[in-house]
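One structure is given here, and the rest of the page talks about it.
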Amino acid sequence: MCEPQSTMRSLVQFVNNITGVIYLHLMKLPKIYDPKEYEADIYALWEKSKAFAPSGKGKPYSIAVPPPNANGDLHLGHALTLALEDIAIRFHRLRGNRTLLIPGADHAGFETQVVYERRLAQEGKSRFDLTREELYKNIWDFVAENRDNFENQYRRLGASVDWEHYTFTLDSKVIKRAYKTFKKMWDEGLIYRGERLVNFCTHHGTAFADIEVEYKEEQGHLWYIRYPLADGSGEVVVATTRPETMLGDVAVAVHPEDTRYKGFIGKTAKLPLTEREIPIIADDFVDKDFGTGAVKITPAHDQNDFEAGERHDLPKLTVISHEGKITHDAPEPYPGLTVQEARKKVVADLEEQGALVKTENHTHSVGHCYKCDTIIQPLIREQWFIDMEPLAKRAIDSLEAGEIIFYPEAKKKQLITYLKQLRDWNISRQIAWGIPIPAFQNVDDPEDWIYDERVTEEIITRDDKTYHRDPDVFDTWFSSGQWPFATLEYPDDETNAEFYPLSLMETGFDILMPWVSRMIMLGLYVTDQVPFKAVYLHGLILDEHGQKMSKSKGNVTNPLEVVDKYGSDALRMGIISGQSAGNNQPFVLGKVVGARNFANKLWNVSRFVEGIVGENYSPGDPKPETAADHWILTKLQHTTNALAKELEQYRFSEAYERIYHFIWDDLADWYIEASKATPNTDLLAYALESVLTLAHPFAPFVTETIWQALGWREELLITYHWPSSISADKKAAQDFEDIKIIVTEVRYITNVLKEQGRTLYFTDAPLLAENAQLITRLGRLRAVQQIESGKGLHLTQTHHNAWLDIDQATARNYLEELEVKKASQTEVIDRLKSRLGNKSYIDNAPKEIVKQTRSQLKEAEAVLEGINREYNRFSN
RNA sequence: GGGCUCUUAGCUCAGUUGGCUAGAGCGCUUCCUUGACGUGGAAGAGGUCAGAGGUUCAAGUCCUCUAGAGCCCACCA
């Protein structure tokens, strides 16, 4: 056995001398493939050879990797994304496409700032101890610490990304792109600054987009509160889940057709706990059947109420601050209390005053911050909004016109449904870690906002007026939503135009709404084209028992640990096997183990072939001679075509299974076994090169390692070409199928009767005569011989007259088997007969199908005849 | 309230436009150290495709309903 150390050295030497000599041979390597020995060197070899850069004259094929958070470690979801994308890229590269896989990393504004704040907290500091500039710089350094780590993780996963195109979402090209788009929207009136209700996290001190709020069903209460009419003529009872907001009430609304309240409309109610009087208005948004049919209106703290307030021109009285405390606009003694405290006190005070009618249990859904779980407060705040209607409409039209293919298709419908009810997008965030919004406000005229890119300055002057920079940054999705073209610097620069639109966008379905939808809208808006031709959405990766992976459950699998233990190829194949678009999938280690074994199988197939062709082999002209040769070529051709078709349609799992079974079942178990009888050197080599190529997208490391160790060609496998076919004789290939049937039956019989090592006799069968040696070997027989006549146990699955030299007494034990076979065969025949006896089947089914049924019947009858003949021989 | 998905062998899952005598991996049973591989080889067992209707010559595949599991969206005071 070869020393691992020297193996390693050889490959390193190879890396350093790409056009040089091969220093190692497979047969001198260990019997077991050890990925750790080769993976890093192989990746380095690819990088050094610039194999990832687009090359050739084929059609462009491009993918941009969804940028993972720059400060985090890759998880299994990333491993899946990279696996699927890299398979698609490597496949197209081998097919001669100009391929480009763009790597990147996301600054993940809010996410990253939260992580950094946690670190600050450990040092006993808070972000408010730092200026925005300091905070930005510190986080920049913090993220930079992890950058190498992160890039190396891509390498370990074997992603053939073009590092020349590496993009960070805070790179100047991305910022420039974001500004340009913002400016275009600004000029076209799509950007507006509005005092709107925003989803505000009082803990993190920033607003969120609607899509970022996490709603949860919660057990709460419904409080019924009595508001007496100002004229003393009665009272109106309102129901609310948030009694503290009554401090900010500016009206009570009832449904205009609600007979109970007909006389109330236009009157005034006294607001308990305050000195204020508020009008009773009519609005048909009120649900007559909910609560009392009368609803308190708090425009500053409720979306519905805000809209009602706009309709009725009501004031917006803010009683909850950005810190989540009651403001001084509320009467004493409430200011300064937290929302929770105020709720308690308000309820207690109302009860004391006799204004509380009753309290009911009530389940409703409450918005939470997805990071810290704080209840989101709807608060009024001036923010930048994008008018989404024209963008959404364009996207809907494009989707309905089928300009993007979705895998799975159902997700498209979901996306259209989402786009149809989309509201304006709040793109301002009150954090430091992000792209500053290039807008400045006139210090003397708050209404005067200008667009200006001098964001490094806090104060600027223009036209003798002084402007102050908006301290906010863009929502991360605003810039990452432009990823497909920002990474390519398209359309500003035509250099990479050929790669746009991208061929594929592969990502998790959980970001269909926040990310994919925005890429489509912004892509159409900026480039006038869809940003990608296809979307493939994978589901969540769950643990082995179908549970969501989470740190708190302790069931998280680290992909790099799996790579360490089983190899990068094994992780890749294990994670895509049995995977289908749009469905969640458990991570099953068994599949990784199976894939590891497959890599090892490939390794040993190669060792065998090298042993046959010898160490200094160079590929010759493969010519099929035996039936097995013709058969494997036919199979290879079929596999090659089918695999290409499946990969073109992104049927990854099926494609993997196909190459797996071709290599394992057809090549290793049949062809190589047959080769041991009559080896065809050049054809074995050709078959090996072909399967290494076909398997390369799925198992890049082991295939390239073998390729390099074989050293038959100067090219790298990664940039080699997809196999072209060699013509084979169909009749000869069919002969091998017949041999397989004979061998399989021989094995079955000898297994059942425990009679290995018998002789197979036959009369007048050239196929058996010509392949006697092969059948002897494969069937584990003593011999295959032609004679005039004789006694024994006859084969029933072939039309050749052949029998095993098994004595009558032993052979009788096989009767039972024959009976079972007879019964099942009869069943098959009955089914086929009744189908063919059905007139409407003959009339309606396609001719080919009917023809197929006829030949199936004919075959089945022949087999049954054989079984019957043999059965009768024994029962007589 | 609206929309979507899933239910196929003991386990985890595949199954393009309906043509199947329903597949894979793992697990299970029996046998085999044949000079590529025991991370191997050979032969097996195991499912009325959740249930009920319907369309069709033909349904795991299309339609309707029922039951169970799950996801997404929404202005549920």
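Protein chains get the first letters and strands the later ones, always in sequence-line order, with residue 1 at the start of each. Because the structure is a prediction, the values reported are computed rather than measured.
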Side chain of A:Y841 only, please: which of B:rC57, B:rG15, B:rC37 is the nearest?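 Nearest listed nucleotide: B:rC57.
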Minimum-distance nucleotide to A:D669 side chain [options: B:rG41, B:rA77, B:rG19]: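 Comparing B:rG41, B:rA77, B:rG19 against the side chain of A:D669, the answer is B:rG41.
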Residues two or more places apart in sequence or in another chain: which of them pass ring-ring contact (aromatic ring centres under 6.0 Å, His included) with A:Y261? A:F264
List in chain and number order the residues that pass ring-ring contact (aromatic ring centres under 6.0 Å, His included) with A:H661, two or more places apart in sequence or in another chain; answer none if no residue qualifies.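 Partners of A:H661 by the ring-ring contact (aromatic ring centres under 6.0 Å, His included) criterion come out as none, since no residue qualifies.
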Test: side-chain hydrogen bond (donor to acceptor under 3.5 Å, both in side chains). Region: residues 583-596 of chain A. Which pairs qualify, not counting sequence neighbours? A:S580-A:N583
If you look only at pairs with a residue in residues 741-752 of chain A, which of them pass as a side-chain hydrogen bond (donor to acceptor under 3.5 Å, both in side chains), with sequence neighbours excluded?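 Sorted result for residues 741-752 of chain A: A:E745-A:T796, A:Y748-A:E817.
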Show every salt bridge (Lys or Arg N to Asp or Glu O under 4.0 Å) that has at least one partner inside residues 842-851 of chain A, sequence neighbours left out. none
Taking only residues at least two apart or on different chains, which pairs with a member in residues 570-584 of chain A satisfy salt bridge (Lys or Arg N to Asp or Glu O under 4.0 Å)? A:D86-A:R572
Given B:rA14, is OP1 or OP2 found less than 4.0 Å from the side-chain N or O atoms of A:S580? yes
If you compare every side-chain N and O of A:K548 against the phosphate oxygens of B:rC71 (OP1, OP2), does one of them come in below 4.0 Å? no
Sequence-distant partners of A:V357, side-chain contact (heavy atoms from CB on, under 4.5 Å), two or more places apart: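 A:V357 satisfies side-chain contact (heavy atoms from CB on, under 4.5 Å) with A:Y224, A:R226, A:V237 only.
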List for me each residue that meets side-chain contact (heavy atoms from CB on, under 4.5 Å) alongside A:E217, sequence neighbours excluded, and say none if there are none.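 So A:E217 forms a side-chain contact (heavy atoms from CB on, under 4.5 Å) with A:T363, A:S365.
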Measure the distance from OH on A:Y650 to C1' on B:rA14 and round it to the nearest whole Å.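 From A:Y650 OH to B:rA14 C1': 20 Å.
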Under 3.5 Å for both distances, Watson-Crick or G-U wobble, that's the pair rule; now give the dot-bracket for RNA chain B, with | marking pairs to another strand and [ ] for crossing ones. (((((((..((((.....[...)))).(((((.......))))).....(((((..]....))))))))))))....
How far apart are the C-alpha atoms of A:W603 and A:F608, what are their side-chain angles, what is the distance that settles it, and do they pass the ring pair (Phe, Tyr, Trp, His ring centres under 6.0 Å) test? CA-CA 9 Å; A:W603 179 255; A:F608 172 79; over 10 Å; no
Report yes or no: is there a donor-acceptor pair, N or O only, under 3.5 Å between the side chain of A:E745 and the base of B:rA43? no
Any residue of residues 593-611 of chain A with a heavy atom less than 4.0 Å from an atom of RNA chain B: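 Result for residues 593-611 of chain A: A:R596, A:N597, A:N600, A:K601, A:N604, A:V605, A:R607, A:F608, sorted by number.
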List, with names and distances, any nitrogen or oxygen atoms from the protein found under 3.5 Å away from nitrogen or oxygen atoms belonging to nucleotides 20-24 of chain B.
| residue | atom | partner | partner atom | Å |
| --- | --- | --- | --- | --- |
| B:rU21 | OP2 | A:R835 | NH2 | 3.0 |
| B:rU21 | O4' | A:R831 | NH1 | 3.4 |
| B:rA24 | O3' | A:H661 | NE2 | 3.4 |

Ranking A:P846 and A:K676 by the position along RNA chain B of their nearest nucleotide, the one closer to 5' is A:P846
Listing time: all N or O pairs from protein to nucleotides 1-12 of chain B that are below 3.5 Å?
| residue | atom | partner | partner atom | Å |
| --- | --- | --- | --- | --- |
| B:rC4 | O2' | A:Q414 | NE2 | 2.4 |

